[in-house]
Amino acid sequence: MDTATDSAARPGPWPLIVVGALWSRRTWRELTHLVSGAVVGVTGGSVLLFLVVATILGAPTVLVSLVTGALALSLSGALTALQRSRHRAFLDLDLPAGRPYAAFSIRPRVLLELIGTGKNWARLGYHLISLSWGLMAAAIAVGTWAFAVTLTLVPLFLANTELVVNPFALSAWGVALMLFAPWTTRGLAALDAQMAKQMLGVTRSEELEMRITDLAASRDSTVDAADAERRRIERDLHDGAQQRITALAVNLGIARATLADLPEPGARALADAHEEAKQALNDLRDLVRGLHPAVLEDRGLDAALSAVAARSPVPVRVRVDMDRRVDRDIEAVAYFLVSEALTNVARHSGAEHASVEVVLRDGGLHLTVTDDGAGGADPGAGTGLRGLADRVRSVDGTFRLTSPAGGPTTIEAELPCASS
C-alpha cells in the first residue's frame, strides 16, 4: 500500500484516522479496484463459464471439447495476468507469475499437462468465483457510499416534509455510515487480496522452482564472468608481461654472448640473470596456460589435452572421442580437470603410467583419468581434488573418485552438454 500520502496510515488520534480515510488515496484506489474487479469478473467470468460448460457438454464431440477446453485454459491464463496487473496497480500487491502460460493449443499432451497442474484449477476457480464475488463486493462498497451520501443529504430535500423520522437524524446516520464506508471498502479489498494470494499466487513448489532457476542463472553468470576475467588476465599477460620478459631474456642472451671480456663476477651475474629470465618466462607460460590455454580456444579439447599430456613427466595415453565441440564452459572445465588431475599424478601418486579418456555420448561429456600409482587419494588432503569436484558441480556435472590403498586411482566426471 502507498503510505507516503495516506493519512490513515500515519500515527495519530483515531478520530483523525477515521475521518482522514474519507479522502485517503488508498481508500479510493481500493474502491476503484473493487469496481474494476466487478467489470473484469463479470465479463471474463461469464465467457469462461460459457467455455467450461461448452467443454463439458461437448465431451461426446472430442474436437469441440478440445477447442473449447483449450480456449478456456488460454482465457484463464489471460485473465490471471489481467487480475495480477489489477492487484499490482490498485493494491500494490505483487503476485508472482510462476510458470508462463502456454499459447493456445489443442494438442492433448499440452492440455493434459495444464489440466494436471493443480494451481491452474485454483486460478480457474478464482475467475469463476469472481463472476459473483466481484459484482457483490463492488455492489456492497458502492452501495454503502451511495446510501451514506443519500442519507446525509436528506435534510436538503426533505427538511419541510412530514416524515416519521427526523431528516436530521437520518443525516446523522448518513454521516456515521459515510465514516464507516472507507473501512468497508478496505475490508472487501483486503478479502479480495487474500483470496488472490491463495488462488492466483504461486505454490511453495513453484516458488522453490523459481528460486532454483534464479540461483542457476546467477551461478551461470558468475561462471561466465569468472571465465571472461581469466581470459582477460591471460590476454594481458600474454600480450604484456610475457612479451617484455621474452625481450629481456633475448637481450640478456645477446649480452651474454657478445660481452665475452667481462670479469668473472660480472659474467656470472649476467649468466644468472639470463637463466632467471628464462625460468621466469617458463613459469609465466605455465601460468598463462593454467588460466586459459590458447590451444583450447583455437583447436579444441583434443589438441589441448594432448599438449597437457606431452608436458607431463608421467607417460600419459590420451583418447578423445568427440564428433563435435561442446560449449566453451564445458571444454574449460574438462581441460582444467584433466590438467589438475595429471598434476596430482606427477606430484603425489608415484605412478609410472596414466591414461585419459574423453567420450561424448548420451548428451554428456564423460571423462576418466586413471593412474597406476599408490592410491589412497584423499579430497581433504589438500591435493586439489575438492576443487575439482566443485568445478565439476559448477556446471551441474557429477564427480567420482576411486582410490583404494595400493591403487589404482580413477577420477570420473560427467559434464552435461547441450545437443547440437
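None of the values given here were measured: they were computed from a predicted structure.
The line from CG of Leu200 to OG of Ser130 is 7.5 Å long, rounded to the nearest 0.5 Å. Put simply, CG on Leu305 and CG on Leu367 are 7.5 Å apart, with the number rounded to the nearest 0.5 Å. With values rounded to the nearest 0.5 angstrom, Met195 atom CE is found 6.0 Å from Ile129 atom CD1. To the nearest 0.5 angstrom, Gln83 atom CD is 11.0 Å from Met199 atom CE. If you take CG on Asp94 and CZ on Arg84, they are separated by 9.5 Å, rounding to the nearest 0.5 Å. Going from atom CZ of Phe147 over to atom OG1 of Thr152 covers 10.0 Å, rounded to the nearest 0.5 Å.
Heavy-atom neighbours of Arg347 CZ from other residues, nucleotides or ligands within 6.0 Å: at or below the threshold of 12. Annotation: Trp173, atom CH2; neighbour count of heavy atoms from other residues, nucleotides and ligands within 6.0 Å does not exceed 12. Heavy atoms of other residues, nucleotides or ligands lying less than 6.0 angstrom from CD of Glu275 number more than 12.
Residues satisfying the side-chain contact (heavy atoms from CB on, under 4.5 Å) criterion with Ala193, sequence neighbours excluded, are Leu91, Leu93. Listed by chain and residue number, Leu48, Leu49, Leu124 satisfy the side-chain contact (heavy atoms from CB on, under 4.5 Å) test with Leu128 (two or more places apart in sequence, or in another chain). Every residue meeting the side-chain hydrogen bond (donor to acceptor under 3.5 Å, both in side chains) condition with Glu412, not counting sequence neighbours, appears here in chain and number order: Arg400. Applying the side-chain contact (heavy atoms from CB on, under 4.5 Å) criterion to Ile140, with sequence neighbours excluded, gives Met136, Thr144, Thr184, Leu188.
With hydrogens and angles disregarded, no donor-acceptor distance shorter than 3.5 Å links the side chain of Ser85 to the backbone of Ala81. Not one N or O on the side chain of Ser349 forms a donor-acceptor pair closer than 3.5 Å with the backbone of Ala374. Put simply, the side chain of Arg393 never gets that close to the backbone of Phe399: no donor and acceptor are under 3.5 Å apart. Between the side chain of Arg391 and the backbone N or O of Leu337 there is no donor-acceptor pair closer than 3.5 Å.
For the pair Leu131 and Ser46, the tightest heavy-atom approach, listed with the atom from each and the gap, is CD1-OG, 3.2 Å. Ala309 and Val318 make their closest contact through CB-CG2, 3.5 Å (heavy atoms, listed as atom of the first residue, atom of the second, distance). Between Gly300 and Glu331 the shortest heavy-atom distance is CA-OE2, 4.3 Å. Across Ala346 and Pro313, no two heavy atoms sit closer than the pair CB-CG, 3.6 Å. Scanning all heavy atoms of the two residues, the minimum distance from Pro408 to Pro404 falls at O-CD, 3.3 Å. Counting all heavy atoms, side chain and backbone alike, Thr368 lies closest to Thr370 at CG2-OG1, 3.7 Å.
Contact check for Thr409 versus Leu401: side-chain heavy atoms found under the 4.5 Å cut-off. Using a 4.5 Å heavy-atom cutoff, the side chains of Val392 and Thr398 are not in contact. Using a 4.5 Å heavy-atom cutoff, the side chains of Leu95 and Arg88 are not in contact. A 4.5 Å side-chain heavy-atom check between Leu342 and Val314 finds every atom pair outside the cut-off. Proximity of Asp92 to Arg29: side-chain heavy atoms (C-beta onward) are separated by under 4.5 Å at one or more points.
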Show me the side-chain donor-acceptor pairs of residues 350-364 shorter than 3.5 Å, one per line, residues at least two apart or across chains.
unit_1	atom_1	unit_2	atom_2	d
Glu357	OE1	Arg319	NH1	3.2

Enumerate, atom names and distances included, each donor-acceptor pair closer than 3.5 Å involving a side-chain atom of residues 31-41, sequence neighbours excluded.
unit_1	atom_1	unit_2	atom_2	d
Thr32	OG1	Trp28	O	2.7
His33	ND1	Arg86	NH1	3.0
His33	NE2	Arg86	NH1	3.3
His33	NE2	Asp192	OD2	2.8
Ser36	OG	Thr32	O	3.0
Ser36	OG	His33	O	2.9

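For Ser24 and Arg186, the side-chain atoms include at least one donor-acceptor pair closer than 3.5 Å.
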Could you walk me through whether Leu79 and Tyr126 pass side chain to side chain contact (heavy atoms under 4.5 Å, CB included), step by step?
CA-CA 10 Å; Leu79 287 175; Tyr126 178 87; over 6 Å; no

